[in-house]
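What follows is one structure encoded as structure tokens, with my remarks underneath.
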Amino acid sequence: MSTIQAVKGTRDLYPEQYAPLQRIFDAWRSASLRHGFEEYEGPTLEYLELYREKSGDELVGQLFCLTDSGQRELALRPEMTPTLARMVAAKINALSKPIKWFCMPRLFRGENVQRGRLREFYQWNIDVIGTADVTADAECILAGVEALRDLGLTEKDFAVHISNRRLIAALLAAAGIPADGHAGAYAILDKAGKIDEAELARRWGERYESHIAFSALMDLLGTQTIDGVRTAASKFATASAELDSAFDETSRLFDTLNEFGIPDYCRFNMRVVRGLAYYTGPVFEFFDRGESERAICGGGRYDDLLGKLGKSKEPAVGFGMGDVVLSLMLKDRGLLTDARTGRGVFVADAADGLRGRLHSLVASIRRAGITAEFSYARQALGKQLKAADKKGCPIVVILGDETLSRGSVQIKAMAKGESREIPYADLLTRPAEFLQHTA
RNA sequence: GUGAGCGUAGCUCAAGUGGUUAGAGCACUAGGUUGUGAUCCUAGGGGUUGCGGGUUCGAGUCCCGUCGUUCACCCCA
């Protein structure tokens with residue numbers, strides 16, 4: 001055994017682990033493309049400064065930093081959004097809006113390692129930049145839902161919990177809570193459901209009870225619809241243009257999700273706050289509906305961020321979905337299987353002196369777009385069949401003196417154990433006709 | 001970052017209160033079987049017991065450190 005282990009929080013992905021991961025990547029990419037997103041990629045290394053500007057020094061502590069030989073301070077990217085913002089800002093005038101891009105980067109965070117939480121992972125990112133229309137928010141959610149559906153998950157397995165930072169801010173303001181008290185209120189909302197109700201009431205009562213009664217807060221937290229929020233809000237909020245507008249925006253988001261055909265997946269949940277300070281509008285999290293209630297995806301609208309990182313302000317919305325929790329969730333449900341087996345043709349020779357023809361046939365089959373395998377060395381036929389079985393090849397082509405003397409080869413279907421003969425010359429020149437539908 | 005549990009073959013696990021040369025199943029390789037796979041039988045390879053130090057006549061077992069991992073807290077872009 002090697003004394004050097006994989007670095008803490010990283011994974012050695014052997015074929016048996018990487019193959020199921022590829023299925024996740026395929027679902028991500030396929031859903032992105034179907035929804036009109038284009039793939040991009042950026043550097044793994046960025047200047048440390050890029051993250052300082054956005055996140056502040058406390059988050060820099062979770063970065064993997066290094067100094068290059070030219071004394072440049074660099075960091076392994078912990079998220080994709082700053083890179084995206086940088087790339088978009090650099091070409092903002094040349095890009096047609098809205099910009100719909102996706103990426104599946106490897107990200108690095110120097111966090112404490114736990115189940116579902118590693119230091120290096122993959123994260124699907126999709127973003128729409130250049131429009132404030134909440135149709136874009138709905139489309140991001142739709143793409144996320146469709147990707148998970150492709151992987152075999154249904155509305156019984158996960159739900160999209162949606163809130164709206166702008167609406168919450170308008171509600172707090174309409175209740176007379178000054179702007180400097182909003183962050184504290186968000187923190188309490190975030191804790192709801194994680195701490196018991198008495199503790200929640202105590203924390204709320206310290207500062208906000210006079211503006212919004214705790215009972216009204218519980219009404220707000222309990223509702224799953226935007227109409228429920230309106231009803232609860234009518235008890236304490238005074239009308240304002242901003243509040244009307246925020247309600248209208250949120251309603252349109254839910255209407256659009258309805259029209260996209262995914263109302264069963266979506267619900268309003270005021271507890272969804274998102275830690276990130278840069279969210280400005282709708283925010284959402286995809287939740288595992290199983291016991292663990294894990295968040296598998298999070299995102300929202302961040303209309304001010306690009307303006308801070310670049311020259312021009314552009315409205316934007318997007319989300320990130322990591323592979324780690326998603327993999328665990330699929331595994332729990334038996335949906336994460338090794339996809340390597342059951343494909344391709346195995347070509348075997350049953351006598352000496354046929355290697356040349358075997359090599360030609362293998363190359364011909366492969367050129368026709370069909371996976372073909374063979375043993376490097378001439379072995380007993382039994383061994384070659386055993387090898388074919390182990391590789392999961394459903395079809396074996398057997399070259400033998402006896403059949404070749406009649407100008408034909410044997411095609412054996414492994415599952416049934418039956419075989420038939422076809423002309424060798426035909427198989428060599430038109431392999432797809434004989435093998436495509438079976439392999 | 002804090003606290004706790006766990007590290008024995010590629011995997012799952014054995015190995016009384018410290019006591020010969022650390023075992024088994026699965027997996028892997030080869031043979032039985034030089035023209036027909038899955039089953040079966042036989043044999044084989046594979047371990048610095050995570051790593052380092054200490055106690056002891058003797059450590060997989062006890063102690064310390066370290067690395068990894070799991071769980072909780074913190075945090076979560």
Side-chain angles (χ1 to χ4, degrees), chain A residues 1-12 14-17 46 50-56 58-63 75-85 105 107-119 121 123 125 187 190-191 194-195 273-279 283 285 292 294-300 302 305 309 318-322 324-325 328 346 348-354 375 377-405 409-419:
Chain A
M1 180 190 284
S2 169
T3 54
I4 298 179
Q5 303 172 320
V7 171
K8 182 188 181 85
T10 66
R11 290 171 289 182
D12 291 329
Y14 292 86
E16 69 206 61
Q17 287 110 35
E46 291 279 7
L50 183 67
Y51 304 109
R52 268 217 188 97
E53 281 184 23
K54 176 189 159 191
S55 316
E58 69 276 12
L59 286 177
V60 173
Q62 292 208 337
L63 290 173
L76 288 170
R77 62 186 178 197
E79 58 167 326
M80 202 61 200
T81 310
T83 299
L84 171 66
L107 302 179
F108 305 84
R109 296 177 188 174
E111 300 190 89
N112 229 2
V113 176
Q114 272 184 39
R115 181 178 159 86
R117 211 160 155 189
L118 298 173
R119 292 184 161 186
F121 54 93
Q123 190 189 64
N125 280 251
D190 188 45
K191 286 286 176 223
K194 295 173 189 165
I195 59 178
V273 174
R274 307 287 303 150
L276 221 51
Y278 63 61
Y279 287 116
V283 287
E285 285 178 353
S292 53
R294 299 167 287 210
I296 49 183
C297 168
Y302 51 99
L305 183 65
L309 289 170
F319 71 71
M321 181 187 294
V324 184
V325 172
L328 288 172
F346 195 98
D349 50 0
D352 289 328
L354 300 174
S375 302
R378 163 86 184 104
Q379 293 176 301
L381 181 59
K383 280 206 181 311
Q384 295 183 66
L385 287 166
K386 196 174 272 192
D389 185 51
K390 201 163 284 183
K391 284 177 185 296
C393 299
I395 297 292
V396 178
V397 174
I398 301 169
L399 299 172
D401 287 333
E402 199 183 307
T403 49
L404 278 171
S405 68
V409 296
Q410 198 186 128
I411 294 186
K412 183 181 173 87
M414 294 294 269
K416 290 180 183 168
E418 295 168 355
S419 51

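Values in this document were obtained by computation on a predicted structure and should not be read as measured data.
Straight-line distance between the P atoms of G25(B) and C63(B): roughly 33 Å, to the nearest whole Å. One C1' atom belongs to C74(B), the other to C13(B), and the distance between them is 35 Å to the nearest Å.
With respect to the salt-bridge test (charged N to carboxylate O, under 4.0 angstrom), the residues E111(A) and R117(A) qualify.
In this structure, G54(B) is classed as anti because its glycosidic torsion departs from zero by more than 90°.
Defined by atom type and a distance below 3.5 Å, a donor-acceptor pair is present between the side-chain atoms of S419(A) and Q410(A). Under 3.5 Å, the side chains of D349(A) and Q384(A) contain a donor-acceptor pair of N or O atoms.
Map L399(A) and Q379(A) each onto its nearest nucleotide of RNA chain B; the residue landing nearer the 5' end is Q379(A).
When the C1' atom of A77(B) is taken as reference, atom CD of E285(A) falls 12 Å away, rounded to whole Å. D12(A) places its CG atom 12 Å from the C1' atom of G68(B), with the value rounded to the nearest Å.
Residues satisfying the ring pair (Phe, Tyr, Trp, His ring centres under 6.0 Å) criterion with F346(A), sequence neighbours excluded, are absent altogether. The side-chain hydrogen bond (donor to acceptor under 3.5 Å, both in side chains) test applied to Q123(A) returns N125(A), not counting sequence neighbours. Remark: D389(A) pairs with M414(A) by the side-chain contact (heavy atoms from CB on, under 4.5 Å) rule, at least two apart or across chains.
Under a 3.5 Å cut-off, the side chain of R109(A) and the backbone N or O of P78(A) do form a donor-acceptor pair.
In the set U69(B), A77(B), C75(B), U69(B) carries the atom at the smallest distance from any side-chain atom of K8(A).
Helical stems of RNA chain B (runs of at least 3 Watson-Crick or G-U pairs, donor-acceptor distances under 3.5 Å) are listed by first residue: B:1-7 with B:67-73, B:10-13 with B:23-26, B:28-32 with B:40-44, B:50-54 with B:62-66.
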What does nucleotides 36-41 of chain B look like as a protein-contact string, B for base, S for sugar-phosphate only, - for none, at under 4.0 angstrom between heavy atoms? BBB---

Please list, for nucleotides 70-72 of chain B, all pairs of protein and nucleotide N/O atoms separated by less than 3.5 Å.
| from | atom 1 | to | atom 2 | distance (Å) |
| --- | --- | --- | --- | --- |
| C71(B) | OP2 | R115(A) | N | 2.5 |

